Amino acid sequence: LYPDHPIVGIGVVIVKDAQIVLIKRRNEPGRGKWSIPGGIVELGESIHQTVIREAKEETCLDVTAPRLIDIVDNMEFDENGKVKYHYVIVDFLVRVVGGDIAAASDAEEIRWVKFDEVENYVLTSSFRDFFQRNREKLAKFSSY
């Protein structure tokens with residue numbers, strides 16, 4: 001809350017057969033809303049290492065070959081106009097190479113969601129914007 005500077009995070013985009021993995025967020029910001037798995041880059045950790053770690057921590061899946069797909073600003077202001085949250089999220093498409101999907105860590109729930117049903121969920125605003133911008137691109141990679 002109330003950072004002095006933007007915080008760098010990553011989003012893990014997992015798609016297959018015109019479906020995407022969504023998690024229901026357990027923590028703020030966006031608690032109780034649906035989004036993609038992801039988290040904060042830790043000091044001394046590369047962005048690609050963060051992608052692999054966060055995928056495992058939140059989905060129990062082993063992933064490889066992170067591929068940059070988008071960069072998203074996620075800012076929230078309080079009633080006085082002060083910055084409450086400010087994340088710069090770098091989203092990566094990944095390939096699943098192992099594991100069994102299960103909600104873990106920051107994820108309250110997890111599920112595969114068909115592309116045409118995604119916007120029926122209560123989504124974080126940053127993920128809704130991402131999905132609307134990238135839906136066609138994601139469909140091309142549904143067997144990545």
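Keep in mind that what you see is a predicted model, and the values were worked out from it rather than measured.
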Are I23 and V122 grouped together when hydrophobic residues (ILVMFWY) are joined by side-chain heavy atoms under 4.5 angstrom apart?
no

Worked check of side chain to side chain contact (heavy atoms under 4.5 Å, CB included) between D73 and V88:
CA-CA 5 Å; D73 287 307; V88 176; 3.9 Å; yes

Decide yes or no on side chain to side chain contact (heavy atoms under 4.5 Å, CB included) for F141 and V13, but give the supporting numbers first.
CA-CA 10 Å; F141 292 110; V13 181; over 6 Å; no

All heavy atoms of G11 vs all of D91, minimum pair found to be CA-OD1, 3.2 Å

Which heavy atom of K33 sits nearest to which heavy atom of L123, and what is that distance?
CD-O, 3.8 Å

Closest non-hydrogen atoms of L93 and I69, given as atom of the first, atom of the second and distance, are N-CG2, 4.2 Å

Partner set under salt bridge (charged side-chain N to carboxylate O under 4.0 Å, His left out) for K137, not counting sequence neighbours:
none

Those residues at least two apart in sequence (or on a different chain) that pass side chain to side chain donor-acceptor pair (under 3.5 Å) with N74 are none

Among T59, D106, I10, whose side chain to side chain contact (heavy atoms under 4.5 Å, CB included) with E54 holds?
I10

Hey, quick one: are V94 and I101 part of the same hydrophobic cluster, counting side-chain heavy atoms closer than 4.5 Å, chains of contacts allowed?
yes

Would you list the pairs meeting side chain to side chain donor-acceptor pair (under 3.5 Å) in which at least one residue belongs to residues 75-88, sequence neighbours left out?
Y2-D78

For R26, all residues meeting salt bridge (charged side-chain N to carboxylate O under 4.0 Å, His left out), sequence neighbours excluded
none

Report the residues that fulfil side chain to side chain donor-acceptor pair (under 3.5 Å) with R128, sequence neighbours left out, ordered by chain and then residue number.
none

Sorted by first residue and then second, give each ring-ring contact (aromatic ring centres under 6.0 Å, His included) pair with at least one member in residues 45-82; sequence neighbours left out.
H48-F92

Checking D62 now: which residues fulfil salt bridge (charged side-chain N to carboxylate O under 4.0 Å, His left out) with it, not counting sequence neighbours?
K56

Quick one: which residue pairs count as a side chain to side chain donor-acceptor pair (under 3.5 Å) with a foot in residues 110-124, not counting sequence neighbours?
E109-R111, R111-Y121, E119-Q132

Exercise: identify the closest heavy-atom pair between V63 and V51
CG2-O, 4.4 Å

When hydrophobic residues are tied together by side-chain contacts of less than 4.5 Å, even through go-betweens, does L68 share a cluster with V8?
yes

Considering only heavy atoms from C-beta outward, does the side chain of F127 approach that of L22 to under 4.5 Å?
yes

For A103 and A107, work out which heavy atoms get closest and say how close.
CB-O, 3.6 Å

Which residues share a side chain to side chain contact (heavy atoms under 4.5 Å, CB included) with R31, sequence neighbours left out:
E28

CD1 of I52 to CD1 of I47, rounded to nearest 0.5 Å, is 12.5 Å

E57 backbone acceptor or donor facing R53 side chain under 3.5 Å
no

Candidate pair V72 and R133, rule side chain to side chain contact (heavy atoms under 4.5 Å, CB included), full reasoning
CA-CA 11 Å; V72 177; R133 260 193 329 275; 3.5 Å; yes

Search all heavy atoms of C60 against all heavy atoms of A102 and return the closest pair with its distance.
SG-O, 3.8 Å

Does anything in residues 52-72 form a ring-ring contact (aromatic ring centres under 6.0 Å, His included)? List the pairs, not counting sequence neighbours.
none

Quick one: list whatever passes side chain to side chain donor-acceptor pair (under 3.5 Å) with S46, sequence neighbours left out.
Q49

Cut-off 3.5 Å, no hydrogens considered: what does the side-chain donor-acceptor table look like for residues 34-44, sequence neighbours left out?
none

